[in-house]
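Read through the structure below, which is laid out as structure tokens, and then see the notes.
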Amino acid sequence: MNIRTTFPTLVTICSTLCLLLSANIYAEQNIKKPIAKIITAQDTNSNQSEWRTVKVENMVLLTLPHGKVVIELAPQFSPKHVEQFTQLTKAGHYNDNKFYRVIDGFVAQAGPVDGSKADNSVALLSLEGDWPTDDTFSFTLVQNKDLFAEQTGFKDGFALAHNPSENRAWLAHCPGIIAMARGNEADSGSSHFYITNGQAPRYLDRIMSIFGRVIYGMNHVQSITRTAVIEGDTEVSTTAHTPILSMQMMADVPKTEQIHLQVTNTESHLFATKLADRVKRENAFFFKKPPPVLDVCQTPVLSRLINNKNI
């Protein structure tokens, strides 16, 4: 054996392996460190609640033939869309509308008949696809270097993405979000809306206005009749499209019929701790550990009913 030629080769191999190992360790630490920072900061407020009670004025009750759906609005992120959606809801604009574009694993879209008096009477909205951030912007980090953004995380229970290099943030198209439909023009949304009913169409981030999310009754959203069929199948008749029996602001629903909910407090110490544990995947079930990656759209934000005797 020629030591002079073999030794440099061994050094090269060892160096490469060390670099790969370091890269994997760094990838995991890259996620853990910010989460640890959040946990440390929240240790000063150890009584922070695991749950957040959703304000009744921020909830919408969507009644379908097969069940009730509750939507939490996000005026802190999309104020113009929430304001118009609220006004239309109070005016009964959505009552008897139908879900006319429902694609499995994509979206369920509803609104008045195109070109109708009800449709044309609604003002167009400017896009609220993202918003500016600065050094004071804070949220609970889920992951760095997401496929669609530099960072992902949660704020007020809503999944978001953030590009510090641009100082811009936006809500993410995770399952169950509600957003305003539009035409080709950015500022052409009015009253037609959609709910994502499947895998996150994140490529729509920043070019659509997300203004809420389903926090109760997602099983009923999933049961809305699909209008798109596979090639060769019988076309779905418009008479079979799922109607909206009523859409009401929860605050306008009789108190005996209101649905009150709490959701995971994504700013809490416990939530940040669960995120850190989710990265590690230390459960014995994982005999082969997945990479230390967290998908914001597959990170659960739970809901629970409180004091609801009418459900």
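Residue numbers count from 1 along this sequence.
Not one N or O on the side chain of D156 forms a donor-acceptor pair closer than 3.5 Å with the backbone of F158. For Q143 (side chain) and L294 (main-chain N/O), a donor-acceptor pair under 3.5 Å exists by modelled atom type. In this structure a side-chain-to-backbone donor-acceptor pair under 3.5 Å is present from R182 to I207. Formation of a donor-acceptor pair under 3.5 Å by the T196 side chain with backbone atoms of C174 is found in this model. Remark: the backbone N or O of T225 is paired with a side-chain donor or acceptor of T242 at under 3.5 angstrom. Looking at Q258, its side chain does come within 3.5 Å of a backbone N or O of M250 through a donor-acceptor pair. With hydrogens and angles ignored, the 3.5 Å screen pairs no side-chain donor or acceptor of K289 with any backbone N or O of E282. Without hydrogens or angle criteria, K90 side chain to M249 main chain gives no donor-acceptor distance under 3.5 Å. Side-chain atoms of Q84 come within 3.5 Å of backbone atoms of S190 as a donor-acceptor pair (strictly under, hydrogens ignored). D205 places a side-chain N or O within 3.5 Å of a backbone atom of H173 that can act as its donor or acceptor partner.
The shortest side-chain heavy-atom distance between Q222 and N219 does not fall under the 4.5 Å cut-off. Put simply, the side chain of R281 does not reach to within 4.5 Å of the side chain of P292, judged on heavy atoms. Under the 4.5 Å side-chain criterion, counting only non-hydrogen atoms from C-beta, W170 is not in contact with F148. Using a 4.5 Å heavy-atom threshold, the side chains of M180 and K80 count as separate. By the 4.5 Å heavy-atom criterion applied to side chains, H66 and L64 are counted as neighbours.
Residue pairs meeting the salt bridge (Lys or Arg N to Asp or Glu O under 4.0 Å) criterion with at least one partner in residues 157-181, sequence neighbours excluded, are D130-R168, E166-R206. Sequence neighbours left out, the pairs with a member in residues 112-124 that pass side-chain hydrogen bond (donor to acceptor under 3.5 Å, both in side chains) are D119-H192.
The environment of CG in N184 is sparse: at most 12 heavy-atom neighbours from other residues, nucleotides or ligands sit within 6.0 Å.
By the ring-ring contact (aromatic ring centres under 6.0 Å, His included) test, F211 pairs with F85, sequence neighbours left out.
Below 30°, between 30° and 60°, or above 60°: for Y94 and F193 the angle between ring planes is above 60°, a perpendicular geometry.
Taken from CE in M59 to NE2 in H260, the straight-line distance is 6.5 Å, to the nearest 0.5 Å. In this structure, the separation between CD on E50 and CG on L302 is 8.5 Å, given to the nearest 0.5 Å.
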Report task. Just do the side-chain contact (heavy atoms from CB on, under 4.5 Å) check on V142 and F154 with the steps written out, would you? Result -> CA-CA 7 Å; V142 169; F154 287 96; 3.6 Å; yes
Query - Audit row: T227, K98, side-chain contact (heavy atoms from CB on, under 4.5 Å) steps and yes/no - result: CA-CA 11 Å; T227 63; K98 291 184 177 182; over 6 Å; no
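Using a cutoff of 4.0 Å between basic side-chain nitrogens and carboxylate oxygens, E72 and R52 are scored as salt-bridged.
Y194 does not carry R101 over the face of its six-membered ring by the limits of under 6.0 Å from the centre and within 45° of the normal.
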